[in-house]
Amino acid sequence: MSHVISTPADRPADTLTRLRRLHRAELPLATAALARYLIGKVLVREHADGRSSGRIVETEAYPPGDAAGHAFRGATRRNRALYLERGHAYVYFVYGSSYMCNVTSEAAGVGAGVLLRALEPLDGIDVMMLRRGISRVCDLARGPGRLAAAMAIDRRCDGIDLCAAGELWLAAAPRAAGPIARSVRIGITREIGRSWRFYERGNPAVSGPRRLRA
DNA sequence: TATGCGATATTCT
DNA sequence: GAATATCGCATAG
């Protein structure tokens, strides 16, 4: 970054993208339908650093009964939030380095969700750059671990209601989404072959190898 | 551009 | 003790 354009504290509220919070009733109940529905919607983080947000451009569904899903072997302390009513955050830590942010799906008690894999940064881009230590905008939240890092999402966000005012919430699409494509999921060893990954075709903020972005 | 590898810590077996 | 819904760097083509 050659120069700083503004800091969050300086930024007037009227330069932020106008966003409307999603109502839970708008969220599809079924996991794959929700995963597709979330493409183009916005994840918003209200933090001491100011607001950061991004368009969701890549998701993966982990439906009921999916052997790759964390609820497959029943409830544990880690996956507890996954059983909440749809529209809650399920955040967990993996690989000793990355947090993953999911949106719960289905009815309360079922145990299923949608992994948020990538965002196209919208507001608070300078804060995201500071958090990530890089300046290329399309790489800030390209991949689930990077997404969480860019948005300062950690285990404290686990269980948050994303349909309520708070530190983390979901907003309606600020503009129409581009064509939505689907593919197999990334980084799993079971149920490979299921086409439960959704993404906005051609968006440079989508993760994965080229063949899974076209 | 693609593939491979190590780092890392939490959870579950 | 094993596995892991990843990342970033290294190396080869």
Side-chain angles (χ1 to χ4, degrees), chain A residues 30-39 43 54 56-84 86 88-106 110-121 128-160 162 168 181-199 202-214:
Chain A
T31 307
L34 177 63
R36 189 179 195 290
Y37 171 85
L38 287 174
I39 300 297
L43 182 67
I56 297 167
V57 295
E58 183 185 355
T59 62
E60 279 177 359
Y62 290 87
D66 172 17
H70 283 189
F72 188 64
R73 287 181 177 75
T76 63
R77 191 164 69 180
R78 176 174 70 159
N79 67 22
R80 203 173 128 80
L82 204 48
Y83 291 81
L84 294 170
R86 72 189 189 280
H88 286 76
Y90 164 49
V91 178
Y92 67 91
F93 187 71
V94 273
Y95 296 120
S97 57
S98 305
Y99 288 96
M100 306 279 117
C101 181
N102 300 254
V103 179
T104 62
S105 57
E106 309 290 337
V110 173
V114 174
L115 172 66
L116 302 182
R117 288 194 56 93
L119 300 180
E120 174 191 308
M128 294 195 212
M129 288 176 177
L130 288 172
R131 289 174 182 149
R132 293 266 296 113
I134 62 168
S135 58
R136 208 175 148 193
V137 174
C138 69
D139 287 340
L140 287 173
R142 180 167 182 248
R146 295 163 174 175
L147 181 158
M151 300 285 276
I153 290 171
D154 60 25
R155 74 188 75 239
R156 290 181 304 231
C157 297
D158 191 39
I160 287 179
L162 300 172
L168 193 62
R182 60 190 297 170
S183 79
V184 293
R185 295 174 293 181
I186 294 175
I188 54 169
T189 57
R190 282 173 289 215
E191 307 262 15
I192 54 180
R194 301 282 201 179
S195 286
W196 283 335
R197 172 175 173 268
F198 298 84
Y199 59 98
N203 191 304
V206 171
S207 76
R210 182 172 284 282
R211 70 177 190 284
L212 294 183
R213 285 185 275 141

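Sequence lines set the chain letters: A, B, ... in the order given, protein chains first and strands last, and positions in each chain run from 1.
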### Task
Please work out which residues in residues 67-81 of chain A have a non-hydrogen atom less than 4.0 Å from an atom of DNA chain C and list them by number.
A/A68, A/H70

## Note on the structure
Applying ring-ring contact (aromatic ring centres under 6.0 Å, His included) to A/F93 and not counting sequence neighbours gives A/Y99

### Task
Take atom CZ of A/R185 and atom C1' of C/dA5, then tell me their distance rounded to the nearest Å.
8 Å

### Query
Counting a pair only when it is Watson-Crick or G-U and both distances are under 3.5 Å, which runs of at least 3 such pairs involve DNA chain C?
B:1-7 with C:6-12, B:9-12 with C:1-4

### Message
Just to verify, which of A/R194, A/R73, A/R185 counts as forming a salt bridge (charged side-chain N to carboxylate O under 4.0 Å, His left out) with A/D66?
### Response
A/R185

### Query
For A/H70, does its backbone N or O pair with a side-chain atom of A/N79 as donor and acceptor, under 3.5 Å?
yes

### Task
Mind jotting down which residue pairs meet the salt bridge (charged side-chain N to carboxylate O under 4.0 Å, His left out) criterion with at least one end in residues 91-103 of chain A? Sequence neighbours excluded, please.
none

### Query
Which part of the nucleic acid, if any, lies within reach of A/R155 when heavy atoms closer than 4.0 Å are counted: base, sugar-phosphate only, or nothing?
sugar-phosphate

#### Entry: Charged tip of A/R80 within 45° of A/Y83 ring normal and under 6.0 Å
no

Below 3.5 Å between N/O atoms, which protein atoms pair up with nucleotides 4-6 of chain B? Just atom names and distances, please.
none

### Task
Could you state the atom-to-atom distance from CD1 of A/I186 to P of B/dT3 in whole Å?
13 Å

### Query
Are A/R142 and A/D139 close enough for a salt bridge, meaning some N to O gap below 4.0 Å?
yes

Close N/O contacts between protein and nucleotides 7-10 of chain C (under 3.5 Å):
from  : atom 1 : to     : atom 2 : distance (Å)
C/dC7 : OP1    : A/P144 : N      : 3.4
C/dC7 : OP1    : A/G145 : N      : 3.0
C/dC7 : OP1    : A/R146 : N      : 3.2
C/dG8 : OP1    : A/R132 : NH1    : 2.9
C/dG8 : OP2    : A/R146 : NE     : 2.7
C/dG8 : OP2    : A/R146 : NH2    : 3.0

### Query
C/dT6 P sits how many Å from A/I153 CD1, rounded?
16 Å

### Message
Mind checking if A/L115 touches a base, just sugar-phosphate, or nothing, with heavy atoms under 4.0 Å?
### Response
base

### Query
Within the modelled atom types, does a donor on one side and an acceptor on the other bring the side chain of A/Y95 and the base of B/dA9 under 3.5 Å apart?
no

